[in-house]
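Following: one structure in C-alpha cells, then a few remarks.
Computation of the quantities below employed the complete heavy-atom set of this structure, encompassing side-chain atoms and omitting hydrogens, waters and symmetry-equivalent molecules. Counting starts at 1 for both ligands and their atoms, following the listed order. The structure displayed is predicted, hence computed values, not measured ones.
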Amino acid sequence: METKECNKWKQLKDKKRIVVKIGSSSLNHKITGDLNFTKLEKLVRELCDLRNQGKDVVLVSSGAIAVGRKAIGLKEKPDQVSIKQACAAIGQAKLMMTYQKIFAEYTQVVGQVLMTKNTMLDNVARKNAQNTFEQLLRVGAIPIVNENDTVSTYEMRFGDNDQLSAIVASLIGADLLILLSDIDGLYTDDPRENKNAKFVDVIDKIDDKLLQMGKDTTGSDIGSGGMAAKLTAAKIATLSGADMVIANGKDVRVIHRLIEGKKNGSLFLANKDEDFYIADYIEDNMY
Ligand code: GLU
C-alpha cells in the first residue's frame, strides 16, 4: 500500500502543465497584513525554475483585495462590495507591479489574466480566454490569474480562488494543480477543533463522505477559501483529468519537492470523466 502510494507521488515528476494557486493568507504577513516579499521572491524563483524545466506554468494569485486594503489603510476586511472592488482595483495593479519586478529578475515574462464567471459561461469569451492562455504558454510566459473582482458583482463571482484555479486547470487541460494553503492538507475533521482528526495522504475518489469532511472555515481573516472550497476544486480538477495537491504554503519550496516526486500534503488523483464539461458544471453548480 505504502509503495503504491509513494508511486502516486512520484508520478508528479512527469507533469507538464502546472497551475499553482497561492492565497492571500500565504502572501501576507499575519500581523501587519503587508506583502511577504521574502516569500514572494521564493515563490517566483520556484515558478521560474519550473519553466526552466520546460513545464508550462500558470500562477493563480489572490491578494488584490488584501494589498489594496493596506494601500488605503483599511484596518478591517471590508464587507461592502464596492469597497472590496475599489481595494481590488488598487491592489491588483500593485500586486502585478510587484510580480513583474521580481519575475523580471529572472528574465521571466508574465501576463495578467483576469476572469469572471461570465468568461466561463459565454462561449466566445471562454474560447478567447483558452486561446490567450495557449498563446501565453506557447511564448513561454507565465500567466498570472485572478478573479476580475472590480467588475464581478456578487452573482458573477467565483467566490474564491481555490475554485477559480481548478476552473483554469480544466480550461487549459493542466495535468497538475497545486493549492498552496495555510493548512497541511486534508484531515478527517478540523484538526484545530478535533485532536483525533487524521491526515489523509492520497485520495482516489471524491465521494459524498469526503465532501462532508470539508468545513467551511479558513482560520484566517485574509483569504476566503475553506476546506469545502478546496474539495470542490479537487472535484473539478480531478474530473477534468488533473491531479491536485493541497500543500502548506508556509514554505513555498514545497513546489519543487512535489515536482521531484516527494510526498507533501494531500494528493487527489485525477479521475477524468470524458463527459465533464466545465462550463456546464459552473452553470449547474455555481450559478
Ligand atoms: N480574488 C480575491 C483577491 O485577489 C481573493 C479571493 C480568494 O482569496 O480566494 O483578493
Side-chain angles (χ1 to χ4, degrees), residues 19-30 32-36 39-40 43 58-72 74-100 110-120 129 143-169 177-183 214-234 236-237 244 246-250 252 282 286:
V19 177
V20 176
K21 181 258 170 181
I22 187 141
S24 311
S25 60
S26 302
L27 282 177
N28 297 286
H29 287 289
K30 281 217 162 42
T32 60
D34 280 317
L35 277 177
N36 183 336
K39 193 183 258 186
L40 269 182
L43 172 71
V58 175
L59 172 65
V60 176
S61 175
S62 312
I65 297 175
V67 170
R69 169 182 147 192
K70 269 313 275 192
I72 57 171
L74 272 190
K75 291 213 168 47
E76 302 298 319
K77 195 173 175 179
D79 283 333
Q80 201 179 314
V81 175
S82 59
I83 300 179
K84 279 192 203 167
Q85 291 178 318
C87 287
I90 296 164
Q92 180 64 27
K94 248 188 130 180
L95 190 61
M96 278 310 289
M97 192 185 72
T98 311
Y99 275 127
Q100 294 266 17
V110 295
Q112 174 183 255
V113 182
L114 297 179
M115 298 174 64
T116 66
K117 223 183 255 181
N118 228 6
T119 318
M120 291 304 297
I144 302 180
V145 187
N146 198 356
E147 177 151 15
N148 196 352
D149 296 305
T150 52
V151 299
S152 49
T153 55
Y154 183 73
E155 307 80 55
M156 291 315 296
R157 297 212 62 217
F158 290 113
D160 63 75
N161 281 1
D162 293 322
Q163 298 182 55
L164 173 62
S165 62
I167 289 164
V168 168
L177 167 62
I178 302 175
L179 297 186
L180 296 176
S181 173
D182 51 7
I183 46 159
K215 292 262 167 83
D216 226 353
T217 53
T218 146
S220 91
D221 72 337
I222 304 178
S224 63
M227 190 44 84
K230 287 175 181 48
L231 291 177
T232 306
I236 296 171
M244 187 187 105
I246 302 176
N248 201 317
K250 70 175 186 284
V252 292
I282 295 173
M286 302 169 73

Handout entry: For D149, the ligand 1 atoms whose distance to one of its heavy atoms is below 4.0 Å
Key = 1 (N), 2 (C), 3 (C), 4 (O)
Problem - Positive for side chain to side chain contact (heavy atoms under 4.5 Å, CB included) with L27, one of L40, L180, D34 - result: L40
Completion exercise
Any heavy atom of D160 under 4.0 Å from ligand 1? The part involved is both
Practice task
May I ask you to check whether K21 has an N/O atom sitting below 3.5 Å from an N/O atom of ligand 1?
Solution key: no
Handout entry: Residues that S82 engages under side chain to side chain donor-acceptor pair (under 3.5 Å), provided they are two or more places apart
Key = Q80
Handout entry: A88 to ligand 1, any heavy atom closer than 4.0 Å
Key = no
Practice task
Could you tell me whether S61 and ligand 1 have an N or O pair separated by under 3.5 Å?
Solution key: no
Exercise for the section: For the residue pair N161 and E147, confirm or rule out a side-chain donor-acceptor distance under 3.5 Å. Expected result: no
Exercise for the section: Before signing off on this row, confirm whether I65 and ligand 1 have an N or O atom pair separated by under 3.5 Å. Expected result: yes
Handout entry: Side-chain donor-acceptor pair present, N148, T116, cut-off under 3.5 Å
Key = no
Practice task
Could you tell me whether D162 and K21 have a side-chain N and a carboxylate O separated by less than 4.0 Å?
Solution key: yes
Problem - Side-chain (Q92) to main-chain (A64) donor-acceptor, under 3.5 angstrom - result: no
Problem - Check: E147 N/O within less than 3.5 Å of ligand 1 N/O - result: no
Fill in the blank from the handout: Quick look: N146 vs ligand 1, heavy-atom contacts under 4.0 Å, and the answer is side chain
